[in-house]
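Since the structure is predicted, the reported quantities are computational estimates derived from the model, not experimental observations.
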Amino acid sequence: MTKHRVAFFGLGIMGSGMARRLLGAGFPLAVYNRNAARAAPLAAEGASPARSPREAAEGADVLLAMVSDDNASRAIWLGGDGALAAARPGAVCIESSTVSVGWVRELSAAAHARGCGFLDAPVTGSRTHAAGGELNFLVGGAAATLDSVRPVLAAMSRTIAPLGPVGSGAQMKLINNFLCGVQVASLAEAVAMIERSGLDRARALEILTSGAPGSPIVKTVAERMAARNYSPNFLLRLMAKDLAYAAHEASTHSIGLKTGAAAIEIFQNGVSGGHGGEDIAAIVEQFRAARGRS
(Lines give C-alpha, C1' and ligand atoms only; values in the text may rest on other atoms or scores of the structure.)
Protein backbone atom coordinates (compact mmCIF):
# COMPACT_ATOMS: atom_id res chain seq x y z
CA MET A 1 0.00 0.00 0.00
CA THR A 2 1.29 3.46 -0.91
CA LYS A 3 2.26 5.51 2.13
CA HIS A 4 0.51 8.80 2.81
CA ARG A 5 2.58 11.87 2.00
CA VAL A 6 2.78 13.84 5.23
CA ALA A 7 3.46 17.52 5.90
CA PHE A 8 4.55 18.12 9.49
CA PHE A 9 4.61 21.56 11.13
CA GLY A 10 6.48 22.24 14.37
CA LEU A 11 9.73 20.53 15.37
CA GLY A 12 9.97 21.37 19.05
CA ILE A 13 10.30 19.06 22.04
CA MET A 14 7.42 16.85 20.92
CA GLY A 15 7.26 17.47 17.18
CA SER A 16 10.82 16.45 16.39
CA GLY A 17 10.32 13.02 17.93
CA MET A 18 6.96 12.57 16.21
CA ALA A 19 8.37 13.53 12.82
CA ARG A 20 11.26 11.15 13.26
CA ARG A 21 8.83 8.31 13.98
CA LEU A 22 7.05 9.04 10.69
CA LEU A 23 10.35 8.96 8.82
CA GLY A 24 11.26 5.68 10.46
CA ALA A 25 7.92 4.21 9.39
CA GLY A 26 8.63 5.11 5.77
CA PHE A 27 6.23 8.01 5.24
CA PRO A 28 7.36 10.59 2.65
CA LEU A 29 7.74 13.64 4.88
CA ALA A 30 7.93 17.39 4.35
CA VAL A 31 8.71 19.44 7.45
CA TYR A 32 8.41 23.08 8.41
CA ASN A 33 9.61 24.87 11.51
CA ARG A 34 9.74 28.61 12.13
CA ASN A 35 13.37 28.17 13.20
CA ALA A 36 14.65 26.42 10.09
CA ALA A 37 17.73 25.07 11.87
CA ARG A 38 15.56 22.56 13.70
CA ALA A 39 14.67 20.92 10.39
CA ALA A 40 18.30 20.20 9.51
CA PRO A 41 18.68 16.92 11.47
CA LEU A 42 15.48 15.56 9.94
CA ALA A 43 16.54 16.68 6.47
CA ALA A 44 19.74 14.68 6.97
CA GLU A 45 17.56 11.64 7.69
CA GLY A 46 15.44 12.03 4.55
CA ALA A 47 12.76 14.64 5.26
CA SER A 48 12.16 17.49 2.83
CA PRO A 49 12.53 20.87 4.58
CA ALA A 50 10.12 23.61 3.46
CA ARG A 51 10.43 27.38 3.61
CA SER A 52 6.80 27.90 4.57
CA PRO A 53 3.79 25.87 5.73
CA ARG A 54 2.30 26.37 2.28
CA GLU A 55 5.33 24.83 0.60
CA ALA A 56 5.31 21.85 2.97
CA ALA A 57 1.60 21.27 2.33
CA GLU A 58 1.89 21.07 -1.45
CA GLY A 59 0.96 17.56 -2.57
CA ALA A 60 0.49 16.23 0.97
CA ASP A 61 -2.20 13.71 1.85
CA VAL A 62 -1.98 14.42 5.58
CA LEU A 63 -1.07 17.74 7.21
CA LEU A 64 -0.21 17.65 10.92
CA ALA A 65 0.72 20.48 13.28
CA MET A 66 2.38 20.32 16.71
CA VAL A 67 3.00 23.90 17.85
CA SER A 68 2.76 25.90 21.06
CA ASP A 69 -0.59 27.68 21.18
CA ASP A 70 -3.54 29.18 19.29
CA ASN A 71 -1.48 31.99 17.78
CA ALA A 72 1.22 29.65 16.49
CA SER A 73 -1.41 27.29 15.10
CA ARG A 74 -3.22 30.12 13.34
CA ALA A 75 0.06 31.22 11.74
CA ILE A 76 0.71 27.68 10.48
CA TRP A 77 -2.68 27.09 8.92
CA LEU A 78 -4.03 30.44 7.71
CA GLY A 79 -2.87 33.26 5.45
CA GLY A 80 -1.16 33.34 2.09
CA ASP A 81 1.79 31.23 3.30
CA GLY A 82 -0.35 29.03 5.51
CA ALA A 83 -0.83 25.32 4.98
CA LEU A 84 -4.49 25.57 4.00
CA ALA A 85 -3.59 27.80 1.05
CA ALA A 86 -1.95 24.78 -0.61
CA ALA A 87 -3.91 21.90 0.92
CA ARG A 88 -5.52 19.82 -1.80
CA PRO A 89 -9.20 18.88 -1.51
CA GLY A 90 -9.45 15.46 0.09
CA ALA A 91 -6.35 15.89 2.24
CA VAL A 92 -6.75 15.47 6.01
CA CYS A 93 -5.65 18.24 8.37
CA ILE A 94 -4.72 17.19 11.91
CA GLU A 95 -4.17 19.67 14.73
CA SER A 96 -2.21 17.90 17.47
CA SER A 97 -1.20 21.02 19.39
CA THR A 98 -2.76 21.80 22.77
CA VAL A 99 -5.04 24.63 21.71
CA SER A 100 -8.41 26.06 22.69
CA VAL A 101 -11.65 24.35 21.75
CA GLY A 102 -12.91 27.53 20.09
CA TRP A 103 -9.90 27.73 17.80
CA VAL A 104 -10.15 24.03 16.88
CA ARG A 105 -13.73 24.52 15.75
CA GLU A 106 -12.80 27.62 13.74
CA LEU A 107 -9.92 25.74 12.11
CA SER A 108 -12.15 22.78 11.32
CA ALA A 109 -14.57 25.07 9.48
CA ALA A 110 -11.70 26.56 7.48
CA ALA A 111 -10.39 23.09 6.55
CA HIS A 112 -13.80 21.88 5.45
CA ALA A 113 -14.30 25.04 3.37
CA ARG A 114 -11.11 24.03 1.56
CA GLY A 115 -12.55 20.55 0.95
CA CYS A 116 -10.29 18.86 3.50
CA GLY A 117 -11.04 16.46 6.31
CA PHE A 118 -10.17 17.56 9.82
CA LEU A 119 -9.28 16.00 13.17
CA ASP A 120 -8.24 17.57 16.44
CA ALA A 121 -5.83 15.01 17.87
CA PRO A 122 -3.74 16.33 20.74
CA VAL A 123 -1.51 13.90 22.60
CA THR A 124 -0.62 12.89 26.10
CA GLY A 125 2.94 11.96 26.85
CA SER A 126 6.35 13.59 27.10
CA ARG A 127 9.48 13.98 24.99
CA THR A 128 10.49 10.37 25.63
CA HIS A 129 7.05 9.08 24.61
CA ALA A 130 7.21 11.10 21.39
CA ALA A 131 10.63 9.71 20.54
CA GLY A 132 9.54 6.16 21.33
CA GLY A 133 6.24 6.21 19.45
CA GLU A 134 4.29 5.80 22.69
CA LEU A 135 2.01 8.84 22.63
CA ASN A 136 -1.73 8.66 23.24
CA PHE A 137 -3.86 10.51 20.68
CA LEU A 138 -7.12 12.08 21.90
CA VAL A 139 -9.18 12.44 18.74
CA GLY A 140 -12.17 14.56 17.82
CA GLY A 141 -13.74 14.20 14.38
CA ALA A 142 -15.50 11.81 12.03
CA ALA A 143 -14.72 8.12 12.40
CA ALA A 144 -14.18 7.71 8.65
CA THR A 145 -11.65 10.54 8.65
CA LEU A 146 -9.76 8.96 11.53
CA ASP A 147 -9.74 5.57 9.80
CA SER A 148 -8.24 7.13 6.68
CA VAL A 149 -5.18 8.40 8.58
CA ARG A 150 -4.91 5.78 11.29
CA PRO A 151 -1.60 4.37 9.94
CA VAL A 152 -0.03 7.83 10.28
CA LEU A 153 -1.13 8.24 13.89
CA ALA A 154 -0.26 4.64 14.71
CA ALA A 155 3.38 5.25 13.76
CA MET A 156 3.63 7.80 16.58
CA SER A 157 1.44 6.27 19.25
CA ARG A 158 0.59 3.59 21.73
CA THR A 159 -3.14 4.33 21.72
CA ILE A 160 -5.63 6.26 19.58
CA ALA A 161 -8.80 7.26 21.45
CA PRO A 162 -11.80 8.50 19.42
CA LEU A 163 -13.82 10.82 21.67
CA GLY A 164 -16.59 12.28 19.52
CA PRO A 165 -17.07 15.27 17.22
CA VAL A 166 -14.48 17.94 16.42
CA GLY A 167 -13.43 19.69 19.62
CA SER A 168 -13.66 16.56 21.76
CA GLY A 169 -9.93 15.89 21.62
CA ALA A 170 -9.04 19.47 22.55
CA GLN A 171 -11.58 19.41 25.38
CA MET A 172 -10.19 16.17 26.81
CA LYS A 173 -6.59 17.39 26.55
CA LEU A 174 -7.36 20.57 28.50
CA ILE A 175 -9.08 18.57 31.23
CA ASN A 176 -6.10 16.20 31.32
CA ASN A 177 -3.59 19.02 31.63
CA PHE A 178 -5.70 20.84 34.21
CA LEU A 179 -5.45 17.81 36.47
CA CYS A 180 -1.74 17.41 35.77
CA GLY A 181 -1.03 21.09 36.44
CA VAL A 182 -2.88 21.08 39.76
CA GLN A 183 -0.97 17.99 40.88
CA VAL A 184 2.39 19.51 39.98
CA ALA A 185 1.56 22.80 41.72
CA SER A 186 0.50 20.91 44.87
CA LEU A 187 3.63 18.78 44.68
CA ALA A 188 5.82 21.89 44.58
CA GLU A 189 4.27 23.12 47.83
CA ALA A 190 4.58 19.65 49.37
CA VAL A 191 8.29 19.48 48.49
CA ALA A 192 8.84 22.89 50.08
CA MET A 193 7.08 21.70 53.26
CA ILE A 194 9.26 18.59 53.35
CA GLU A 195 12.48 20.53 52.88
CA ARG A 196 11.70 23.26 55.41
CA SER A 197 10.40 20.87 58.07
CA GLY A 198 13.64 18.95 58.23
CA LEU A 199 12.19 15.65 57.06
CA ASP A 200 14.44 13.35 55.09
CA ARG A 201 13.41 14.38 51.60
CA ALA A 202 14.26 11.14 49.88
CA ARG A 203 12.33 9.11 52.43
CA ALA A 204 9.35 11.48 52.39
CA LEU A 205 9.12 11.45 48.60
CA GLU A 206 9.40 7.68 48.57
CA ILE A 207 6.36 7.49 50.85
CA LEU A 208 4.36 9.97 48.76
CA THR A 209 5.18 8.50 45.37
CA SER A 210 4.56 4.91 46.45
CA GLY A 211 1.28 5.78 48.18
CA ALA A 212 -2.09 7.20 47.14
CA PRO A 213 -0.69 10.54 45.81
CA GLY A 214 1.81 8.75 43.57
CA SER A 215 0.37 9.35 40.10
CA PRO A 216 2.74 8.90 37.16
CA ILE A 217 3.27 12.67 36.85
CA VAL A 218 3.92 13.07 40.58
CA LYS A 219 6.49 10.27 40.48
CA THR A 220 8.31 11.76 37.49
CA VAL A 221 8.24 15.39 38.61
CA ALA A 222 9.11 14.65 42.24
CA GLU A 223 12.35 13.04 41.10
CA ARG A 224 13.15 16.04 38.92
CA MET A 225 12.37 18.53 41.69
CA ALA A 226 14.62 16.67 44.11
CA ALA A 227 17.47 16.55 41.57
CA ARG A 228 16.84 20.12 40.33
CA ASN A 229 16.76 18.63 36.84
CA TYR A 230 14.88 21.18 34.77
CA SER A 231 15.89 20.17 31.26
CA PRO A 232 12.51 20.37 29.56
CA ASN A 233 10.25 17.42 29.01
CA PHE A 234 7.26 19.77 29.28
CA LEU A 235 7.90 23.51 29.22
CA LEU A 236 6.66 25.36 32.27
CA ARG A 237 5.28 28.25 30.20
CA LEU A 238 3.20 25.83 28.13
CA MET A 239 1.57 24.38 31.23
CA ALA A 240 0.70 27.92 32.30
CA LYS A 241 -0.93 28.42 28.89
CA ASP A 242 -2.77 25.10 29.04
CA LEU A 243 -4.20 25.89 32.46
CA ALA A 244 -5.41 29.27 31.21
CA TYR A 245 -7.11 27.63 28.22
CA ALA A 246 -8.70 25.05 30.53
CA ALA A 247 -10.00 27.75 32.86
CA HIS A 248 -11.53 29.64 29.95
CA GLU A 249 -13.19 26.53 28.59
CA ALA A 250 -14.54 25.62 32.02
CA SER A 251 -16.01 29.10 32.35
CA THR A 252 -18.11 28.47 29.23
CA HIS A 253 -19.73 25.64 31.21
CA SER A 254 -20.19 27.82 34.33
CA ILE A 255 -17.37 26.08 36.22
CA GLY A 256 -14.88 28.21 38.09
CA LEU A 257 -11.91 25.79 38.37
CA LYS A 258 -10.84 27.19 41.75
CA THR A 259 -7.98 24.74 42.09
CA GLY A 260 -7.02 25.60 38.52
CA ALA A 261 -6.88 29.30 39.40
CA ALA A 262 -4.40 28.58 42.20
CA ALA A 263 -2.28 26.44 39.87
CA ILE A 264 -2.33 29.15 37.19
CA GLU A 265 -0.98 31.68 39.69
CA ILE A 266 1.82 29.31 40.72
CA PHE A 267 2.80 28.57 37.12
CA GLN A 268 2.62 32.22 36.11
CA ASN A 269 4.91 33.01 39.04
CA GLY A 270 7.30 30.43 37.65
CA VAL A 271 7.26 32.16 34.28
CA SER A 272 7.78 35.56 35.90
CA GLY A 273 10.68 34.11 37.89
CA GLY A 274 12.51 33.20 34.68
CA HIS A 275 11.68 29.48 34.56
CA GLY A 276 9.27 29.52 31.60
CA GLY A 277 11.76 27.78 29.31
CA GLU A 278 12.50 25.05 31.84
CA ASP A 279 10.63 21.91 32.79
CA ILE A 280 7.42 22.14 34.82
CA ALA A 281 9.39 20.79 37.81
CA ALA A 282 11.03 24.20 38.12
CA ILE A 283 7.93 25.72 39.71
CA VAL A 284 9.21 24.41 43.03
CA GLU A 285 11.97 27.04 42.98
CA GLN A 286 9.60 29.89 43.86
CA PHE A 287 8.86 28.15 47.17
CA ARG A 288 12.50 27.44 47.85
CA ALA A 289 13.32 31.10 47.13
CA ALA A 290 10.54 32.25 49.48
CA ARG A 291 12.28 30.87 52.59
CA GLY A 292 12.28 33.47 55.31
CA ARG A 293 9.79 35.83 53.66
CA SER A 294 6.95 37.10 55.78
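- No donor-acceptor pair under 3.5 Å is formed between the side chain of Ser251 and the backbone N or O of Ser254.
- Applying the ring pair (Phe, Tyr, Trp, His ring centres under 6.0 Å) rule to Phe8 yields no partners; only residues at least two apart in sequence or on another chain are considered.
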Checklist entry - What do the steps show when you test Glu278 against Arg237 for salt bridge (Lys or Arg N to Asp or Glu O under 4.0 Å), and what is the final call? => result CA-CA 8 Å; Glu278 297 177 327; Arg237 63 178 172 81; over 6 Å; no
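- A chain of hydrophobic side-chain contacts below 4.5 Å, direct or via other Ile, Leu, Val, Met, Phe, Trp or Tyr residues, connects Ile94 to Leu11.
- Other residues, nucleotides and ligands contribute at most 12 non-hydrogen atoms within 6.0 Å of the CZ atom of Arg34.
- When the options His275, Glu189, Met225 are evaluated for a side chain to side chain contact (heavy atoms under 4.5 Å, CB included) with Val284, the one that passes is Met225.
- Looking at His4, its side chain never comes within 3.5 Å of a backbone N or O of Pro151 through a donor-acceptor pair.
- When all heavy atoms are compared, the tightest approach of Leu208 to Pro213 is O-CD, 3.5 Å.
- Nearest heavy-atom pair across Met239 and Cys180 is CE-CB, 4.0 Å.
- Within 6.0 Å of CD in Glu223 there are 12 or fewer heavy atoms belonging to other residues, nucleotides or ligands.
- By the 4.5 Å heavy-atom criterion applied to side chains, His253 and Gln171 are counted as neighbours.
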Item to check | Trace of the side chain to side chain donor-acceptor pair (under 3.5 Å) decision for Asn229 with Ser231 | outcome: CA-CA 6 Å; Asn229 175 9; Ser231 58; 2.9 Å; yes
Checklist entry - For Met156 and Leu22, what are the C-alpha separation, side-chain angles and deciding distance, and is it a side chain to side chain contact (heavy atoms under 4.5 Å, CB included)? => result CA-CA 7 Å; Met156 299 177 281; Leu22 292 172; 4.0 Å; yes
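- Contact of the Tyr230 side chain with the Glu285 side chain is registered, since non-hydrogen atoms from C-beta on lie closer than 4.5 Å.
- Under the side chain to side chain donor-acceptor pair (under 3.5 Å) criterion, the residue pairs touching residues 79-100 are Asp61-Arg88, Asp70-Ser100, Ser73-Glu95, Trp77-Glu95, Glu95-Ser97, Thr98-Lys173, with sequence neighbours excluded.
- A distance of 13.0 Å separates CG in Leu205 from NZ in Lys219, rounded to the nearest 0.5 Å.
- Not one N or O on the side chain of Ser108 forms a donor-acceptor pair closer than 3.5 Å with the backbone of Val104.
- Sparse packing is recorded around NE2 of His248, with 12 or fewer heavy atoms of other residues, nucleotides or ligands lying under 6.0 Å away.
- Heavy atoms only, all atoms of each residue included: Gly277 and Leu235 are closest at O-CD2, 3.2 Å.
- Annotation: the span from Gln183 atom CD to Leu179 atom CG amounts to 6.5 Å, rounded to 0.5 Å.
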Next on the checklist: Working note: Phe9 + Met66, criterion side chain to side chain contact (heavy atoms under 4.5 Å, CB included); need CA distance, chi angles, decisive distance, verdict.
Outcome noted: CA-CA 6 Å; Phe9 315 104; Met66 175 57 83; over 6 Å; no
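- Following chains of ILVMFWY side-chain contacts shorter than 4.5 Å, one cannot reach Leu138 starting from Leu174, and the two form parts of different hydrophobic clusters.
- The shortest side-chain heavy-atom distance between Val149 and Leu119 falls under the 4.5 Å cut-off.
- The hydrophobic cluster containing Leu64 does not contain Leu107, counting ILVMFWY residues as joined when their side-chain heavy atoms lie under 4.5 angstrom apart, directly or transitively.
- Looking only at side-chain heavy atoms (C-beta outward), Ile266 and Phe287 come within less than 4.5 Å of each other.
- Between Lys3 and Pro28, some side-chain heavy-atom pair lies under the 4.5 Å cut-off.
- When side chains are defined from C-beta on, Thr124 does not count as touching His129, because their heavy atoms never get closer than 4.5 Å.
- Between the CD1 atom of Ile207 and the CZ atom of Arg203 there is a distance of 4.0 Å, given to the nearest 0.5 Å.
- Contact between Gly117 and Ala111 at its shortest, heavy atoms only, is O-CB, 4.4 Å.
- Under the 4.5 Å side-chain contact rule for hydrophobic residues, Val139 and Val6 share a cluster.
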Checklist entry - Taking it one step at a time, do Ile175 and Glu249 satisfy side chain to side chain contact (heavy atoms under 4.5 Å, CB included)? => result CA-CA 9 Å; Ile175 293 170; Glu249 183 59 26; over 6 Å; no
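- Using a distance-only test at 3.5 Å, with no hydrogens or angles considered, a donor-acceptor pair links the side chain of Arg127 to the main chain of Pro232.
- Here the closest heavy-atom approach between residue Gly141 and residue Asp120 is recorded as N-OD1, 4.4 Å.
- For Arg105 against Val166, the heavy-atom pair with the smallest separation is NE-O, 3.9 Å.
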Item to check | Phe267 vs Ile283, side chain to side chain contact (heavy atoms under 4.5 Å, CB included): CA-CA, chis, key distance, verdict | outcome: CA-CA 6 Å; Phe267 274 93; Ile283 65 163; 3.6 Å; yes
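- Side chain of Asn269 to main chain of Glu265: a donor-acceptor pair is present (N/O by atom type, distance under 3.5 Å, no hydrogens or angles).
- Distance CG/Leu42 to CZ/Arg20: 4.5 Å, rounded to 0.5 Å.
- Partner of Ile280 under the side chain to side chain contact (heavy atoms under 4.5 Å, CB included) criterion, chosen from Ile217, Leu238, Leu187, Asn233: Ile217.
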Next on the checklist: Apply side chain to side chain donor-acceptor pair (under 3.5 Å) to residues Thr159 and Asn136 and explain how you reach the verdict.
Outcome noted: CA-CA 5 Å; Thr159 65; Asn136 304 300; 2.6 Å; yes
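- Between Arg150 and Leu153 the shortest side-chain heavy-atom distance does not fall below 4.5 Å.
- With rounding to the nearest 0.5 Å, the separation of CD1 in Ile13 from OG in Ser68 is 11.0 Å.
- Tracing side-chain contacts under 4.5 Å through hydrophobic residues (I, L, V, M, F, W, Y), one reaches Phe137 starting from Val152; they form part of the same cluster.
- A donor-acceptor distance shorter than 3.5 angstrom exists from the side chain of Ser168 to the backbone of Pro165, with no hydrogens or angles considered.
- When atom types are taken as modelled, the side chain of Asn33 and the backbone of Ala36 share no donor-acceptor pair closer than 3.5 angstrom.
- Remark: side-chain polar atoms of Arg5 are not paired, donor with acceptor, to backbone N or O of Leu29 under 3.5 angstrom.
- Between the side chain of Arg114 and the backbone N or O of Ala85, at least one donor-acceptor pair lies under 3.5 Å.
- Residues Val31 and Ser48 are not in side-chain contact: their nearest non-hydrogen atoms beyond the backbone lie 4.5 Å or more apart.
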